Amino acid sequence: MRLQVEAFLTSLQLMAKGMLGIFAVMLVIMGVIALLNRFTAEKKNS
């Protein structure tokens, strides 16, 4: 069994793109949650 270097490097590039995509989606979700918390929080009367 031989290691195919080209296929390995191609799979690493694909994996990196997938991980970046997951990270971007997580940031979007966190941003939406932060905005919802800001706009729907109860106002404090002081």
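Only this structure's heavy atoms are used, side chains among them; waters, hydrogens and symmetry mates stay out. Treat the numbers as computed from the prediction; the structure is a model and nothing was measured.
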Kindly give the cluster partners of Leu35, where membership spreads through any ILVMFWY side chain lying under 4.5 Å from a current member.
Phe39
Mind checking side chain to side chain contact (heavy atoms under 4.5 Å, CB included) for Leu12 and listing every partner two or more places apart, or none if nothing turns up?
Phe8, Leu9, Met15
Who else is in Phe23's hydrophobic cluster (ILVMFWY, side-chain heavy atoms under 4.5 Å, direct or via others)?
Leu27
Kindly give the cluster partners of Val25, where membership spreads through any ILVMFWY side chain lying under 4.5 Å from a current member.
Ile29, Ile33
What's the spacing between Lys17 NZ and Met19 CE if we round to 0.5 Å?
15.0 Å
About how many Å separate CD of Glu6 and OG of Ser11, when rounded to the nearest 0.5 Å?
12.0 Å
